[in-house]
Amino acid sequence: MSIIDSEANSQKVDTSERKGEMSISHNQSQHQFSPMTPAPDSTKRVPIVDNAKTYTKTENAELVEGDAIEKKKESTVFGSAFMLTNLCLGTTIFTFAIRAKQFGLVWFIIVCLIVAVVNFWSIMRCVIASSRFKGIDDYSELTEKILGRKMRVLLNCFIILYSYGFCMCYCALIFSLFGRFIHSAGFTDDYPDYSDFLDQRWGKAYIKYPFYAGVAFCLSLMCLIKDINKLNFSAYIGVCACSYGLIVVLVECHSYYTYYKSNIYKEDDEKTHTNWVNLGDAFTKKLDFFKGLSTLFAAYACHPGIFPVYAGFKHLNEEGVKKMRLGTLWGTILTTILHIISITCSFLTDPYTPEDLIVFRKKKDNGKDIAMTIAKLFVAISLVFTFPGYYFTLRLSISNSCTGGKISNKFNYLVTFLSCFGCCVVAAVYDKILNYLNYIGGFLSVFICYLNPVILCIYSSGKPITYWKNLLELSISILLSIIGVIAGILTIIDDVSG
C-alpha cells in the first residue's frame with residue numbers, strides 16, 4: 001500500500017511489501033492536525049490507495065470507502081434559531097394570562113425578560129462544556145463524560161419525569177380542548193356553561209375513558225416510529241397551530257378589552273381594575289410568584305434538544321461556538337417576542353377573570369367566537385402530532401438507562417404502549433394542567449436546564465470551584481433551583497389541601 005500526499009510533493013513516501021500495512025513519515029505527520037483544530041482547508045482530502053480499494057481521509061482522520069464522500073450537512077444560524085424557538089414554543093404560551101394578573105402585566109414581562117437572559121446563559125453553558133470534547137453530541141453522554149455514570153442515570157431520571165410530565169399534560173389538554181371545541185361550536189346548547197357540560201356529559205366515564213383510550217391508541221401508532229426525522233412535519237403543524245391561536249388572540253384583543261372596559265370595569269371597584277404593576281398579588285398566602293416563575297422555566301426548557309442542533313456546528317470548533325451563540329441569541333429573542341405578545345394580548349383579553357389557558361376563553365356576552373373555536377380544534381390536533389417529540393426524548397432516556405441505547409422492536413412496542421396508555425390513565429385521573437407545568441418547571445426544569453449545565457461547564461473548565469466566576473454561576477443556578485423547588489412544594493400543598 002502506498003500513501004500519496006497531494007499537498008506535499010517533496011515528502012518521502014514509505015512503502016511496505018506486505019499488503020494492508022501503512023507507515024507515515026515524520027515530515028508528513030507534521031501536516032496532520034489535531035481533532036480539536038480545524039484544518040486550513042477542511043474540504044481537501046488525502047486519497048489512500050491500495051490494490052483493492054480506495055479510501056479518503058477526512059478532516060476527522062476517518063477512513064471512508066469510495067472516491068466521493070458525503071459532506072456533513074452544516075447547520076445555519078437561522079435554522080438553529082428556528083429550532084430553538086420550536087423547542088420552546090408550546091402550549092405554555094397560552095398559560096400566561098393568569099400569571100400576568102398575579103404579577104401585574106409590566107412586572108411579568110420584566111420577569112419574562114430576566115428568565116430569557118438566564119435561559120440563554122444556561123444554554124451556552126451546555127454548548128461551551130460540549131465544545132471541550134470531541135464526538136459527544138448528547139446531553140446525558142456529556143454528563144457521564146464529565147460527572148460520571150451515576151450523574152448520567154440521575155439526569156436520565158429527571159428527563160424521563162420531565163417528558164412524562166409534558167406527555168400527561170398534553171393528554172389532559174387534548175381531552176379538555178376537544179370538549180371545549182364541542183361546547184363552543186354550539187353542539188351542546190342545553191349546557192350554556194362548560195362546567196355543566198363537563199359534569200353532566202363530557203366528563204362522564206362512558207365518554208371520558210373511551211376517548212382517552214382512543215387518544216392513547218393514536219399516539220401509540222405515531223410513537224412507534226423509531227426515526228424522529230420522519231415526523232419533522234409534526235413540528236411545522238405545531239408551530240402553525242400555535243401561531244394561528246396567537247394571531248387570533250392578537251386580532252381579537254381590542255374587541256375583548258373594549259367589552260371589558262364597557263361592561264366589567266367599575267371605577268369604584270378595585271377588583272375590576274387592570275393590574276398593571278401591582279406585584280403584591282403574587283405574594284399572597286398562595287405565593288403565586290414562585291408558581292409564575294416555574295411556568296416560565298417550563299416555557300423556556302429546551303436544553304436536551306439543543307445538542308442535535310449544535311452538532312451541525314461542532315466540527316467548526318470555535319467558529320461553531322460563535323455561530324451557536326448567535327443562533328441561540330436570535331432564537332431566544334424570537335421566543336421572547338412571541339411570549340410577550342402572548343402575555344400582553346392574553347391578559348388584556350380578560351384582565352378581570354382570565355382562563356387558565358387563553359384558548360379556553362369564550363365571549364362574556366355568550367356570543368360565538370368562531371376563530372377561537374377553530375383554534376381550540378387546531379391546537380388539540382397539533383398536540384397529537386407534537387406529542388411524539390416529547391415521547392422520543394422519554395424513550396431515548398429509558399433505552400439509555402435500560403439497554404444502553406439499543407432499541408429492539410419488542411422494547412419499542414412495550415415501552416410505547418405502556419407509556420402512551422399510562423399517560424392517558426394518569427391524565428384522566430389528574431387533569432390540572434397548570435399544576436403539571438408547576439411540577440415540570442419547579443422540580444425538573446431547574447435541574448435539567450440550570451443546575452446541571454452550570455456544573456458541567458465548571459467541572460470541564462479545569463478551574464477550581466472557588467474561582468469567582470464559577471462561584472457566581474453556581475450561586476445563580478442554586479437560587480433558581482430553590483425557587484423551582486418552592487414552586488413544586490407549594491403545588492403539592494395546594495393538591496393535598498384541595
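Reckoned from all heavy atoms, side chains included, excluding hydrogens, waters and symmetry mates.
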| Residue pair Cys112 / His339: nearest heavy atoms and the distance that separates them | SG-CB, 4.1 Å
| request: Inspect the surroundings of NZ in Lys145 and state if more than 12 heavy atoms from other residues, nucleotides or ligands are less than 6.0 Å away. | output: no
| message | Apply ring pair (Phe, Tyr, Trp, His ring centres under 6.0 Å) to residues Tyr162 and Phe158 and explain how you reach the verdict. | response | CA-CA 6 Å; Tyr162 165 85; Phe158 271 88; over 10 Å; no
| If you look at every heavy atom in Tyr352 and Ile264, which pair is closest and at what distance? | CD2-CG2, 3.6 Å
| Salt-bridge criterion met for Arg152 and Glu141 (N-O under 4.0 Å) | no
| task | Please say whether the positively charged group of Lys469, taken as NZ for Lys or CZ for Arg, lies over the ring of Tyr467, i.e. under 6.0 angstrom from the six-membered ring centre and within 45 degrees of the axis. | result | no
| said: Ring-plane angle category for Phe283 and Phe289, please: parallel below 30°, perpendicular beyond 60°, tilted otherwise. | reply: parallel
| query | Looking just at side-chain N and O atoms, do Ser419 and Tyr164 make a donor-acceptor pair shorter than 3.5 Å? | reply | yes
| message | Quick one, Phe387 and Met222 - any side-chain contact, counting heavy atoms below 4.5 Å? | response | no
| field | Any Lys291 side-chain heavy atom under 4.5 Å of Gln102 side chain | value | no
| N/O donor-acceptor pair under 3.5 Å between Tyr436 side chain and Tyr430 backbone | yes
| Which of these passes side-chain hydrogen bond (donor to acceptor under 3.5 Å, both in side chains) with Tyr260: Asp350, Thr274, Thr349? | Thr274
| query | Is the backbone N or O of Tyr259 less than 3.5 Å from a side-chain atom of Ser262, with the two atoms forming a donor-acceptor pair by type? | reply | no
| said: Can you confirm whether Tyr256 sits close enough to Leu348 that some side-chain heavy atom of one is under 4.5 Å from a side-chain heavy atom of the other? | reply: no
| Atom of Leu142, atom of Ala129 and distance for their closest heavy-atom approach | CD1-O, 4.0 Å
| said: Ring of Phe360, cation from Arg180 - is the NZ or CZ under 6.0 Å from the centre and inside 45° of the axis? | reply: yes
| query | Closest approach of Ser184 and Thr373, non-hydrogen atoms and distance? | reply | CB-OG1, 3.4 Å
| message | Under the ring-ring contact (aromatic ring centres under 6.0 Å, His included) test against Trp202, which residue among Tyr194, Phe181, Phe211, Phe178 passes? | response | Phe211
| Under 3.5 Å donor-acceptor, Thr272 side chain and Asp269 backbone | yes
| message | Could you check whether any side-chain N or O of Thr344 sits under 3.5 Å from a backbone N or O of Ile341, counting only pairs where one atom can act as donor and the other as acceptor? | response | no
| request: Verify, without hydrogens or angle tests, whether Tyr139 (side chain) and Ile448 (backbone) share a donor-acceptor contact under 3.5 angstrom. | output: yes
| task | Please report the shortest heavy-atom distance between Cys420 and Ser220, naming the atom on each side. | result | CB-OG, 3.2 Å
| request: State whether the side chain of Ser131 and the backbone N or O of Ile128 hold a donor-acceptor pair below 3.5 Å, judged by distance alone. | output: yes
| field | Residue Phe217 excluded, over 12 heavy atoms near CZ under 6.0 Å | value | no
| Is there a donor-acceptor pair under 3.5 Å between the side chain of Thr491 and the backbone N or O of Ala487? | yes
| message | Would the distance check show the side chain of Ser461 and the main-chain N or O of Ile458 forming a donor-acceptor pair, the cut-off being under 3.5 Å? | response | yes
| request: Start with the C-alpha gap between Tyr212 and Phe421, add the side-chain angles, then the distance that decides, and say whether ring pair (Phe, Tyr, Trp, His ring centres under 6.0 Å) holds. | output: CA-CA 8 Å; Tyr212 272 113; Phe421 279 89; over 10 Å; no
| Among Leu105, Ile109, Leu296, the one residue meeting side chain to side chain contact (heavy atoms under 4.5 Å, CB included) with Phe96 | Leu296
| said: Donor-acceptor check, side chain of Ser460 to backbone of Cys457, threshold 3.5 angstrom: yes or no? | reply: yes
| message | Check whether Thr336 reaches the backbone of Thr332 with its side chain - one donor and one acceptor, N or O, closer than 3.5 Å. | response | yes
